[in-house]
Number of protein chains: 2
Amino acid sequence: MHPRIVDTLKRNQLSITDSRKKILEMFLQRKGALAHADIEQQSGEEFDRVTIYRTLQTFVEKGIIHTIPSADNSVRYALCKDDCSEGHHHDNHVHFMCDHCGTTYCLDHVTVPAVVLPSGFKVTQVDVVASGTCMKCQ
Amino acid sequence: MHPRIVDTLKRNQLSITDSRKKILEMFLQRKGALAHADIEQQSGEEFDRVTIYRTLQTFVEKGIIHTIPSADNSVRYALCKDDCSEGHHHDNHVHFMCDHCGTTYCLDHVTVPAVVLPSGFKVTQVDVVASGTCMKCQ
DNA sequence: TATTATTTTGCAACATTGTTGCATTTGAAC
DNA sequence: GTTCAAATGCAACAATGTTGCAAAATAATA
Ligand SMILES: [Mn+2]
Ligand SMILES: [Mn+2]
Ligand SMILES: [Zn+2]
Ligand SMILES: [Zn+2]
């Protein structure tokens with residue numbers, strides 16, 4: 001088991017349960033983003049669908065993972081690598097979704113450019129999602 | 001009825017039906033983006049849910065409307081204002097979702113900034129979705 | 001305009017996805 | 001080990017999305 005798992009859960013004052021350990025491990029191994037359906041498939045019958053929903057929700061609230069918007073009604077989740085904490089996400093990096101293999105990448109080193117909006121709009125967050133073909137699918 | 005409705009349908013080689021006229025009118029009047037659920041509510045019992053799904057799909061394919069990604073499993077749709085056509089969208093403007101009132105705006109005059117990705121990624125589209133508070137909700 | 005051919009619609013049936021309440025189980029604290 | 005709080009599984013439900021097909025509406029043709 002990945003050494004960071006228990007650490008992360010403790011640091012966020014979450015009790016150490018099988019499902020949390022397993023789901024967090026999936027994120028740590030897979031690197032790329034995961035949709036709810038991916039987790040459900042990978043885990044087989046190991047735990048209930050409802051538990052996955054609640055675990056993802058908890059992880060987002062605690063700042064362990066962040067959501068990635070999509071245009072296909074299938075939100076992805078990925079590990080936060082920055083200094084995110086309860087209620088304060090700082091995942092201002094660009095995401096990439098491959099049209100071919102479906103993989104979603106967190107481009108941690110590509111920060112979202114500043115966007116200047118018309119006066120009147122108070123911006124608190126900017127999501128940038130690029131899509132196309134990834135290096136594996138050329 | 002809005003004068004552009006029949007024009008738009010004809011230009012895209014779509015037959016003029018009640019549901020298409022009505023749904024297109026909603027987009028022309030409302031300006032902001034609409035989710036499937038919005039359309040279903042606004043139309044009451046006028047036509048079937050399935051018809052709405054199919055109409056939205058057709059409009060997207062024809063380049064009449066475009067999708068706006070979201071992080072809450074609720075894709076929005078908005079009128080294309082550019083030179084979009086069948087299979088070729090060019091809606092490279094920024095979108096804004098108000099956290100308070102839920103309105104989604106197409107900021108037609110704010111073009112998406114160029115993003116430079118690591119080599120290996122072939123980008124075909126970039127979506128920028130900002131969120132925060134809109135001018136009406138300050 | 002009337003007839004025919006094509007397209008769209010509504011309906012039903014189904015699949016998938018997401019939510020809620022509550023009893024049971026598990027983990028943390030003592 | 002016992003106690004208390006939190007998390008889980010289950011069931012039941014709601015919401016969302018998909019497909020096939022007969023009926024209806026529209027477009028094309030005569
Ligand atoms: Mn990310
Ligand atoms: Mn738009
Ligand atoms: Zn790929
Ligand atoms: Zn607002």
Side-chain angles (χ1 to χ4, degrees), chain A residues 1 5-27 33-62 64-65 67-77 86 102 104, chain B residues 1 5-27 33-62 64-65 67-77 86 102 104:
Chain A
M1 190 174 68
I5 290 175
V6 173
D7 271 9
T8 302
L9 293 176
K10 280 189 178 163
R11 180 159 26 88
N12 287 281
Q13 295 159 324
L14 292 173
S15 41
I16 318 291
T17 69
D18 286 347
S19 43
R20 285 175 180 166
K21 281 190 285 187
K22 186 68 186 292
I23 292 176
L24 188 46
E25 180 150 50
M26 287 185 197
F27 280 107
L34 293 169
H36 174 97
D38 299 324
I39 296 170
E40 201 172 331
Q41 280 191 291
Q42 279 188 47
S43 64
E45 302 286 306
E46 204 164 347
F47 27 73
D48 200 78
R49 257 166 17 88
V50 178
T51 300
I52 299 176
Y53 282 113
R54 295 198 264 227
T55 302
L56 289 173
Q57 193 178 305
T58 301
F59 283 3
V60 169
E61 285 165 3
K62 290 293 188 177
I64 299 172
I65 60 178
T67 57
I68 304 168
S70 82
D72 68 340
N73 281 319
S74 157
V75 176
R76 316 294 169 92
Y77 302 84
E86 184 140 11
T104 301
Chain B
M1 189 173 69
I5 290 176
V6 173
D7 272 7
T8 302
L9 292 175
K10 279 189 177 162
R11 179 158 28 88
N12 287 281
Q13 295 158 323
L14 292 174
S15 41
I16 318 291
T17 69
D18 287 346
S19 42
R20 285 175 181 167
K21 282 190 285 186
K22 187 67 188 292
I23 292 176
L24 188 47
E25 180 150 51
M26 287 184 197
F27 280 108
L34 293 169
H36 174 97
D38 298 325
I39 296 171
E40 201 172 330
Q41 280 191 292
Q42 278 188 47
S43 63
E45 302 286 306
E46 204 164 346
F47 27 72
D48 200 78
R49 257 165 17 89
V50 178
T51 301
I52 300 176
Y53 282 113
R54 294 197 265 228
T55 302
L56 290 174
Q57 193 178 303
T58 301
F59 283 2
V60 169
E61 283 164 3
K62 290 293 187 177
I64 299 172
I65 60 178
T67 56
I68 304 169
S70 80
D72 67 341
N73 279 320
S74 157
V75 176
R76 315 294 169 90
Y77 302 84
E86 184 140 11
T104 301

Under 4.0 Å protein heavy-atom contacts per nucleotide of nucleotides 18-30 of chain C, with B for base, S for backbone only and - for none: BBBB-----SS--
Five-pair end axes of the helix from C:dT1-D:dA30 to C:dC30-D:dG1 and the angle they enclose, rounded to 10°: 40°
Would you mind reporting whether A:Leu34 and A:Tyr77 have side-chain heavy atoms less than 4.5 Å apart? no
For the pair made of CZ in B:Arg20 and P in D:dA25, what is the distance, rounded to whole Å? 15 Å
For B:Ser43, what residues pass the side-chain hydrogen bond (donor to acceptor under 3.5 Å, both in side chains) criterion, not counting sequence neighbours? none
Sorted by position of nearest nucleotide on DNA chain C, 5' first, the leading residue of B:Thr55 and A:Glu40 is B:Thr55
D:dA6 P sits how many Å from A:Asn12 CG, rounded? 16 Å
Sequence neighbours left out, what passes side-chain contact (heavy atoms from CB on, under 4.5 Å) with A:Lys21? Give chain and number order. A:Met1, A:Ile5, A:Leu9, A:Ile16, A:Asp18
Here the distance between atom C1' of C:dT16 and atom CD1 of A:Ile52, to the nearest Å, is 14 Å
Measure the distance from NZ on B:Lys10 to C1' on D:dA28 and round it to the nearest whole Å. 14 Å
Show every donor-acceptor pair shorter than 3.5 Å between a side-chain atom in residues 44-54 of chain B and any protein atom, with sequence neighbours excluded, or say none if there are none.
residue	atom	partner	partner atom	Å
B:Glu46	OE1	B:Lys22	NZ	2.7
B:Asp48	OD2	B:Val50	N	3.0

Quick one: list whatever passes salt bridge (Lys or Arg N to Asp or Glu O under 4.0 Å) with A:Arg20, sequence neighbours left out. none
Separation of atom CD in B:Glu45 from atom C1' in C:dC11, rounded to whole Å: 13 Å
Going by side-chain contact (heavy atoms from CB on, under 4.5 Å), name the residues that satisfy it together with B:Asn73, two or more places apart in sequence or in a different chain. A:Val75
Rounded to the nearest angstrom, tell me the gap between atom CG in B:Asp48 and atom C1' in D:dA25. 15 Å
